[in-house]
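Before any comments, here is the structure.
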Amino acid sequence: MANKTYNYSQQTALAQALGKIDHETQGVVLPIHVATTYIRGADNTYPSGNVYSRADNPTYKPVEQLLCQLEQGDQALLFGSGMAAATAVFLGLKPGDHVLAPVVMYWSLRNWLLNFATDWGLNVEFVDMTDLQQVSKAIQTNKTKLVWLETPGNPMWTISDIAAISELAHQAGAYLAVDSTCATPLLTQPLTLGADIVMHSATKYLNGHSDVIAGTLICKTDNDYWQRIRAVRAQGGAVPSPHDAAQLLRGMRTMHLRVREACTNAMFLAEQLQQHPQIVEVLYPGLPSFSGHETARKQMHGGYGGMLSIRVKGGEKAAVHLAANTKLWKRATSLGGVESLIEHRASVEGQGTPCPPDLLRLSAGIEDKHELLNDLLQALPKA
Ligand code: PLP
């Protein structure tokens with residue numbers, strides 16, 4: 001599915017959505033295909049290639065092709081949410097398969113692995129993916145079928161070395177899948193570093209406007225495992241509406257501008273806040289003092305993302321006070337939109353969270369960086 005003849009940059013690919021037009025009308029924006037079903041030929045085949053919209057829809061195609069181009073993948077699949085995309089990767093495995101997942105990862109997926117995947121028969125082991133020795137010890141040759149990474153890892157922004165872990169996984173006969181939601185296809189391209197599958201919650205930076213729930217997977221090569229994942233989507237039906245797919249494509253056309261601005265804002269906020277006496281720690285891969293900075297420098301290009309976390313002096317009470325008193329920052333879950341969001345993570349994640357109680361997660365939007373900083377400073381509890 002990858003367009004091998006499209007020789008332009010990611011920026012141009014995004015702005016022009018691969019330059020596709022509607023040939024029937026000459027429209028510069030592609031139509032939304034609402035049909036759920038398609039005519040069979042008299043010979044009983046489907047000449048258009050379209051059969052039934054639970055399995056596939058022509059509105060998905062330009063989005064999937066653009067994703068292949070951005071990630072340098074072979075095929076892509078759109079899903080009805082990031083969680084639907086992520087869980088499809090695990091549902092493509094078989095009961096008894098051993099999988100490794102990170103200690104720091106998107107909380108709902110960790111819950112799903114603990115509460116559903118294990119009941120269904122997957123042998124899930126959580127590992128510190130920032131420590132290559134621990135990863136190497138945990139991988140079992142011919143038993144581990146999948147290593148799942150998330151880098152930067154939500155909400156501590158832990159960085160895992162994709163190239164090194166892909167070698168370990170492949171030596172043991174396992175696949176490597178990477179949740180690259182917070183890196184976006186612009187800052188890191190996991191398939192070029194050895195991963196087999198890359199996943200994004202398209203709800204976040206890909207769409208970028210907090211008005212579409214969607215997810216995606218992109219594979220390096222089409223193989224039996226990918227075909228099983230494709231069947232999970234087609235048979236389970238976790239697909240987005242054609243309207244959401246079209247809106248996602250519209251959002252993606254400005255992703256390079258939004259991500260660039262969010263990275264600049266996040267870096268500025270991290271540098272400023274780390275000097276503040278009431279901030280205990282700033283977690284941001286762009287800071288040289290951050291534990292994963294060297295690996296981030298190696299595998300992230302053009303910025304370190306729009307996500308950072310801060311730990312507030314005074315514990316949970318002080319952190320909640322800060323979040324309660326912002327005027328510009330919106331107190332809400334999610335990330336990757338044009339508006340800046342702030343959230344007390346431990347209370348969302350509940351028992352078992354690796355998140356300290358004094359931590360606030362910040363999703364830097366694209367507003368004026370000085371106004372964002374000043375809003376946080378005025379909301380800090382008085383020392
Ligand atoms: N992965 C990461 C890193 C996320 O932050 C999220 C959602 O917050 C997801 C996956 C799940 O995506 P969705 O909400 O689209 O199901």
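Whatever order the structure lists them in is the order used to number ligands and atoms, beginning at 1. Scope of the values below: all heavy atoms of this structure, side chains included, with no hydrogens, waters or symmetry mates.
- Membership of the apolar cluster around Leu100 extends to Val127, Met129, Leu132, Val135, Ile139, Val147, Leu149, Ile162, Ile165, Leu168, Leu176, Val178, Leu193, as traced through chained side-chain contacts below 4.5 Å between ILVMFWY residues.
- Sorted by first and then second residue, the pairs that involve residues 245-258 and meet side chain to side chain donor-acceptor pair (under 3.5 Å), not counting sequence neighbours, are Asp211-Gln247, Thr254-Arg258.
- The ring of Tyr205 has its center no closer than 6.0 angstrom to the ring center of His200.
- Note on Lys327 versus Asp375: no salt bridge recorded, every NZ/NE/NH1/NH2 to OD/OE distance being 4.0 Å or above.
- The protein residues lying under 4.0 angstrom from ligand 1, judged by non-hydrogen atoms, are Ser81, Gly82, Met83, Tyr106, Glu150, Asn154, Asp179, Thr181, Met199, Ser201, Thr203, Lys204, Ala214, Leu335.
- Evaluation of the side chain to side chain contact (heavy atoms under 4.5 Å, CB included) rule for Leu373 yields Phe268, Leu269, Gln272, Leu273, Leu377 as partners, not counting sequence neighbours.
- The aromatic ring centroids of Tyr46 and Tyr38 lie 6.0 Å or more from each other.
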